[in-house]
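Here is the structure we will look at, set down as structure tokens.
All ligand and atom numbering here is 1-based and tracks the order in the structure. Fair warning: this is a prediction, and the values are worked out from it, not measured in the lab.
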Amino acid sequence: MRRPFIAGNWKMNTTRAEGVALATELAKAAESITKCDIAVCPPAVYVDAVGAAIRGSKVGLGAQNMYHEPSGAFTGEISAAMLVDLGCRYVILGHSERRHVFHETDADINKKVHAALKAGLTPIVCVGELLAEREAGTTRHVVETQCNGSLAGVTAEQLAGLVIAYEPVWAIGTGKVATPAQAEDVHRDLRAWIASRFDAATAEKVRIQYGGSVKASNAPELLSQPNIDGALVGGASLKAADFLGIVAGV
Ligand code: PEP
């Protein structure tokens, strides 16, 4: 039985004080959360302060990105070991904004996945199609190609412990949520892809989150789908009440 996992991607939002206040409120509320794992992924510069605010609580700490090299002359970049040093357990990799705004390729993401795993982080690997790709009927091909590329060389054991986030690009930050049936179809395809590339037991273990305009009102139906194991939440993770409203839908 897969334990649901709800993670908040704060993107480039909050001040230090706002992030700490949000994290503190979540840490307190999390005391009574029993049905799922939760995590927050603040901006990199606030990971340390937010980590201190949630230390010892049920709220996990994640980062939004990292670089694959362990150290060296890579101005502006952050390594997996640095994130571990700050108490991170998770790192989002291949978010659609990284793919489409910063032109990260599956090969780039694959290097990051291996570096994150080596450092002991749990990658949250994002995949998802553009609206034109959905309309062209190529969604399955797109997400499988992204999985093939970004998860190349990962062992079944590593895969079982990581998280995949299916995030249709047309639903991210747009208010247009995939219907539970549309999301479940892709999640089922992704699990079938894992079973065919690895094995059925591994496919049963991998947690696949849905992301794209998730909010308290649509979360219960999305999260009740058999292959949807949680959510990666952007906009609605910036207010404790909104995020906790989603968690309540598990
Ligand atoms: C995201 O950033 O991963 C996301 C799904 O954003 P939103 O919930 O705002 O659509």
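- No continuous path of hydrophobic side-chain contacts links Val143 to Ile172 [ILVMFWY only; heavy atoms under 4.5 Å].
- Closer than 4.0 angstrom to ligand 1 by heavy atom are Asn9, Lys11, His95, Glu167, Ala171, Ile172, Gly173, Gly211, Gly212, Ser213, Leu232, Val233, Gly234, Gly235, sorted by chain and number.
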Query raised in the report: side-chain hydrogen bond (donor to acceptor under 3.5 Å, both in side chains) between Asp108 and Thr105: does it pass, once the steps are laid out?
Result: CA-CA 5 Å; Asp108 297 327; Thr105 64; 3.1 Å; yes
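- Take Phe243 and apply the ring-ring contact (aromatic ring centres under 6.0 Å, His included) test, not counting sequence neighbours, and it matches no residue.
- Counting only N and O atoms by type, the side chains of Asp199 and Thr202 include a donor and acceptor under 3.5 Å apart.
- Relative ring orientation between Phe198 and Trp193 is described as perpendicular, the plane-to-plane angle rising above 60° on a 0-90° scale split at 30° and 60°.
- Inspection of the Tyr46 and Glu18 side chains reveals no N or O donor paired with an N or O acceptor under 3.5 Å.
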